[in-house]
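Notes for the one structure printed next.
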Amino acid sequence: MLAPSVSVLFAALLASPLVAAHGKVAVVTGDMGGNGTALGIKGAIVAGAGSNSKTELDTTVFNQGSTNCGQTEAGGTNKAATGVKAAMALSGSTLPQVSTTNASISGTFHIVTSDGAGPLTAMVDTTGQGDFKSAVKATMTTQVPGTKGNIKKTTKRWEELLIRAGLMKRATNINEDYPFAVAIPAGTTCTGTVNGQSNVCMVKISNNNGAGPFGGCVAIQQSNGTTTASTSTASTSAAAKDKRAISVAGRISV
């Protein structure tokens, strides 16, 4: 017979809902500069370590087989217009800039919990609207560790026993950053206009975890060396340009 304390623990675990885990795209830069975050990222207001309920608020969950940009607990459905506006307010008013040839992006993927790891895949929506029905697959040139979206972390003995018994499926907190890089397919032409920015593509970066997938969508902008904005925003002062150069690293914390 189980000891009272263990019985209480088993009962609590069985009564509690299974909690999904997460990984998120925290920071992205383009091969020609600029920076951004995934849609839905809240930045420093979200804890890096702690309970799942506190650390998973701004991580994107994609339903299996979904062709959109998913949703976050804090912000709901990720939509291109509002999501890009919020991302630019957080990380600076220049999207990640990519060249028209040999384009690439690189950044930081934050593994929040143990089911939010690699390997990752990347898809490019040339309309910039977050509709991936006709997206093209990009190549991950720097990969995030993991197997089927899972990464191991040392757990306590009693946790191991409960997991093996199928009584504990809550992911463990990882709170680690890993670099990633994506090569945009040759011949890609970004045609989207989002938040006053033209020549925009949306890149979906996600793992293949059965509880998700998890990851994020990032807007990028094709450039020939200068920011390509819509007519209403094409003219900016030198001071504004200097302000845009501020690194996202000083604006968010993951």
When every non-hydrogen atom of V84 is compared with those of A219, the smallest separation belongs to CG2-CB, 3.7 Å

Testing the 3.5 Å rule here: is there a donor-acceptor pair between the side chains of N78 and T60? yes

Give the C-alpha distance, both sets of side-chain angles, the deciding distance and a yes or no for side chain to side chain contact (heavy atoms under 4.5 Å, CB included) between F180 and M140. CA-CA 7 Å; F180 73 90; M140 298 295 306; 4.1 Å; yes

Test log, rule side chain to side chain contact (heavy atoms under 4.5 Å, CB included), inputs T113 and E56: CA-CA 8 Å; T113 45; E56 297 176 344; 3.4 Å; yes

What closest approach, in Å, do G146 and A117 show between heavy atoms, and which atom pair accounts for it? CA-CB, 4.2 Å

Minimum-distance pair of heavy atoms, taken over all atoms of V144 and P179: CG2-O, 4.0 Å

Which of parallel (below 30°), tilted (30 to 60°) and perpendicular (above 60°) describes F214 and H22? tilted

Interatomic spacing from CD1 in I151 to CD1 in I174 - rounded to 0.5 Å: 6.0 Å

Sub-3.5 Å donor-acceptor pair from the side chain of Q97 to the main-chain atoms of D31, do we have one? no

Would you say that V218 contacts M202 through its side chain, given a criterion of any heavy-atom pair below 4.5 Å between the two side chains? no

Regarding D125 and T127, is there a side-chain donor-to-acceptor distance under 3.5 Å anywhere? yes

Is there a side-chain contact between H110 and V112 in this structure, where contact means two heavy atoms from C-beta onward sitting under 4.5 Å apart? yes

For T121, is there any backbone N or O sitting under 3.5 Å from a side-chain donor or acceptor partner on Q143? no

Just wondering, do K204 and S66 contact through their side chains at under 4.5 Å, heavy atoms? yes

Shortest non-hydrogen separation from V124 to P185 and the atoms involved: CG2-CD, 4.0 Å

Any side-chain donor paired with an acceptor under 3.5 Å for T101 and S99? no

Verdict with reasoning, L95 to V200, per side chain to side chain contact (heavy atoms under 4.5 Å, CB included): CA-CA 9 Å; L95 292 171; V200 173; 4.0 Å; yes

CD1 on I41 to CG on L90, rounded to 0.5 Å: 8.0 Å

Atom SG in C201, atom CD in Q129: separation rounded to 0.5 Å? 11.0 Å

Show every salt bridge (charged side-chain N to carboxylate O under 4.0 Å, His left out) that has at least one partner inside residues 72-91, sequence neighbours left out. none

Okay, side chain of S91, backbone of A87: is any donor-acceptor separation there less than 3.5 Å? yes

Stepwise side chain to side chain contact (heavy atoms under 4.5 Å, CB included) check, D177 with F109: CA-CA 6 Å; D177 291 334; F109 190 85; over 6 Å; no

Test item: S106 and T142 side chains (from C-beta on) under 4.5 Å apart, heavy atoms: no

Determine whether N207 and P213 make a side-chain contact, defined as any pair of heavy atoms from C-beta on separated by less than 4.5 Å. yes

Output for pair (N195 CG, Q197 CD), nearest 0.5 Å, gives 6.5 Å

Linked, directly or transitively: F62 and V136 (ILVMFWY side chains, under 4.5 Å): no

Side chain proximity check, I205 to V203, heavy atoms < 4.5 angstrom: yes

Which atom names give the shortest non-hydrogen contact between A122 and V182, and what distance separates them? CB-CG1, 3.8 Å

Going by an N to O cut-off under 4.0 Å, is there a salt bridge joining D58 and K24? yes

So OG1 of T141 and CD1 of I105: to nearest 0.5 Å the spacing works out to 9.0 Å

To the nearest 0.5 Å, how far apart are CG in L39 and OG1 in T72? 9.5 Å

Would you check if there is a donor-acceptor pair between the side chains of N150 and N209 at a distance under 3.5 Å? yes

Within a strict 4.5 Å, meaning less than it, do heavy atoms of the Q71 and N63 side chains meet? yes

State, with a plain yes or no, whether a side-chain heavy atom of I111 is found less than 4.5 Å away from one of Y178. yes

Measure across S93 and M88 and return the closest heavy-atom pair with its distance rounded to 0.1 Å. O-CE, 3.2 Å

